[in-house]
Amino acid sequence: MIEPLELSVVVQCDAAHAFAVFTGSTSLWWPVSHSVSRQPGLAVTFEPRTGGRIFERSPDGSEFDWGEITLWDPPKRLAYLWHLGADRSLATQVRIEFVSLTTDSTRMQITHSGWDDLGDLGPPRRDRNQRGWDGVLPDFVAACGAPR
């Protein structure tokens with residue numbers, strides 16, 4: 001069994017703001033280097049509902065699917081299939097819990113799983129996604145603490 005990625009960060013805002021920054025303001029903090037088009041000015045969209053798409057739209061209007069929301073429960077939980085840069089048949093599962101610690105701090109707990117379903121592709125994809133999370137989470141944390 002390939003162990004899920006388990007990540008946790010604490011952000012300096014309430015859970016509702018953390019959820020909104022992660023899902024509604026993604027374009028403001030998501031690094032262009034972690035996209036399909038790698039074009040400055042791209043927009044990242046989480047359609048706010050179960051069954052909604054997660055996708056990138058480049059400035060020229062091209063769209064690239066990244067995933068599909070499987071659970072939309074703001075501001076507590078979010079889950080989605082994730083296949084950025086890959087075919088949907090190679091999707092993994094991401095589950096995020098937003099846990100209030102105080103009125104102005106929230107722990108975001110991430111479980112990213114499904115590597116076994118990818119066969120031989122599982123271990124390298126898990127490693128690549130670990131590096132991906134390590135690359136995007138600092139920008140998310142900073143965005144949550146930015147003045148509103």
Side-chain angles (χ1 to χ4, degrees), residues 1-11 13-101 106-144 146:
M1 178 179 163
I2 304 170
E3 292 296 317
L5 293 173
E6 299 278 349
L7 305 121
S8 179
V9 295
V10 174
V11 294
C13 63
D14 63 37
H17 185 68
F19 190 97
V21 168
F22 193 85
T23 62
S25 299
T26 316
S27 301
L28 299 178
W29 58 268
W30 191 271
V32 171
S33 61
H34 289 69
S35 68
V36 176
S37 70
R38 298 183 180 259
Q39 293 182 15
L42 64 87
V44 178
T45 300
F46 280 70
E47 293 179 336
R49 59 183 170 77
T50 299
R53 293 188 311 148
I54 305 168
F55 65 96
E56 162 190 343
R57 182 176 292 126
S58 66
D60 70 6
S62 300
E63 288 187 0
F64 304 94
D65 283 333
W66 290 9
E68 179 184 335
I69 297 168
T70 57
L71 174 67
W72 183 264
D73 184 20
K76 299 175 186 173
R77 291 179 295 275
L78 171 69
Y80 52 88
L81 298 176
W82 183 247
H83 55 88
L84 187 149
D87 186 79
R88 188 181 193 286
S89 66
L90 299 174
T92 53
Q93 296 85 43
V94 176
R95 183 173 180 89
I96 303 175
E97 303 278 338
F98 295 85
V99 180
S100 293
L101 301 175
T106 302
R107 179 184 304 114
M108 187 172 89
Q109 298 173 181
I110 303 163
T111 303
H112 192 160
S113 61
W115 313 111
D116 288 324
D117 297 338
L118 303 178
D120 291 342
L121 296 175
R125 290 279 304 276
R126 183 187 185 278
D127 292 345
R128 188 169 68 231
N129 277 269
Q130 176 69 63
R131 290 189 304 275
W133 283 112
D134 292 344
V136 302
L137 286 176
D139 292 327
F140 168 71
V141 170
C144 284

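All values reported here derive from a predicted model rather than from experimental measurement.
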Quiz item: Can Arg107 and Glu97 be said to form a salt bridge (charged side-chain N to carboxylate O under 4.0 Å, His left out), step by step?
Solution: CA-CA 8 Å; Arg107 179 184 304 114; Glu97 303 278 338; over 6 Å; no
Quiz item: Less than 6.0 Å separating the ring centroids of Phe22 and Phe140?
Solution: yes
Quiz item: Out of curiosity, Leu71 CG to Lys76 NZ, how far, rounded to the nearest 0.5 Å?
Solution: 11.5 Å
Quiz item: Can you list every pair that meets side-chain hydrogen bond (donor to acceptor under 3.5 Å, both in side chains) and has a residue in residues 18-37, with sequence neighbours left out?
Solution: Ser37-Glu56
Exercise. Using atom types as modelled and distance alone, determine if a side-chain donor or acceptor of Asp14 lies under 3.5 Å from a backbone N or O of His17.
Key: yes
Exercise. Can you measure from CZ (Arg125) to NE2 (His83) and round to the nearest 0.5 angstrom?
Key: 10.0 Å
Quiz item: Nearest heavy-atom pair of Leu81 and Ala91: which atoms, and what distance?
Solution: CB-CB, 4.0 Å
Quiz item: Which atom pair, heavy atoms only, marks the closest approach of Trp115 to Pro4?
Solution: NE1-CA, 4.0 Å
Quiz item: How about Trp66 and Phe64: are their ring centroids closer than 6.0 Å?
Solution: no
Quiz item: Sub-3.5 Å donor-acceptor pair from the side chain of Arg126 to the main-chain atoms of Glu3, do we have one?
Solution: yes
Quiz item: Can you find a side-chain donor-acceptor pair between Glu6 and Thr111 that sits under 3.5 Å?
Solution: yes
Quiz item: Do Trp133 and His112 get their side chains close enough for a donor-acceptor pair, meaning under 3.5 Å?
Solution: yes
Self-check item: Asp65 side chain vs Gly67 backbone, donor-acceptor pair below 3.5 Å
Solution: no
Practice problem: Quick one: closest heavy-atom pair of Val32 and Gln39, and the distance? | Solution: CG1-N, 3.6 Å
Quiz prompt | Residue pair Leu137 / Ile110, side-chain heavy-atom distance below 4.5 Å | solution = yes
Exercise. Report the C-alpha distance between Trp72 and Tyr80 in whole Å, list the side-chain angles of each, state the deciding distance to 0.1 Å, and finish with yes or no for side-chain contact (heavy atoms from CB on, under 4.5 Å).
Key: CA-CA 9 Å; Trp72 183 264; Tyr80 52 88; over 6 Å; no
Quiz item: Taking all non-hydrogen atoms of both residues, which atom of Ile69 and which atom of Glu47 are closest, and how far apart?
Solution: CD1-O, 2.9 Å
Quiz item: What are the two closest heavy atoms between Ile2 and Asp116, and how far apart are they?
Solution: N-OD1, 2.9 Å
Quiz prompt | Heavy-atom side-chain proximity of Leu90 to Leu121 below 4.5 angstrom | solution = yes
Quiz item: Counting distance only, does the side-chain N/O of Thr106 pair as donor-acceptor with the main-chain N or O of Cys13 below 3.5 Å?
Solution: yes
Quiz item: Is any side-chain heavy atom of Ile54 less than 4.5 Å from a side-chain heavy atom of Thr45?
Solution: no
Quiz item: Side chains of Glu63 and Arg53: closer than 4.5 Å at any heavy-atom pair?
Solution: yes
Quiz item: Crowded around Asp120 CG? As in, over 12 foreign heavy atoms under 6.0 Å?
Solution: no
Practice problem: Provide the closest heavy-atom pair for Val136 versus Pro31 in the form atom of the first, atom of the second, distance. | Solution: CG1-CD, 3.6 Å
Quiz item: Do you know which of Leu101, Val99, Val141 makes side chain to side chain contact (heavy atoms under 4.5 Å, CB included) with Val10?
Solution: Leu101
Quiz item: Can you check whether Asn129 reaches Leu5 side chain to side chain, under 4.5 Å on heavy atoms?
Solution: yes
Quiz item: Is there side-chain contact between Phe98 and Val11, with at least one heavy-atom pair below 4.5 Å?
Solution: no
Quiz item: Is the shortest heavy-atom distance from the side chain of Val21 to the side chain of Phe19 under 4.5 Å?
Solution: no
Exercise. Decide yes or no on side-chain contact (heavy atoms from CB on, under 4.5 Å) for Thr92 and Leu118, but give the supporting numbers first.
Key: CA-CA 8 Å; Thr92 53; Leu118 303 178; 3.8 Å; yes
Exercise. Flag the pair Ile96 / Met108 as yes when at least one side-chain heavy-atom distance between them is below 4.5 Å, and no otherwise.
Key: yes
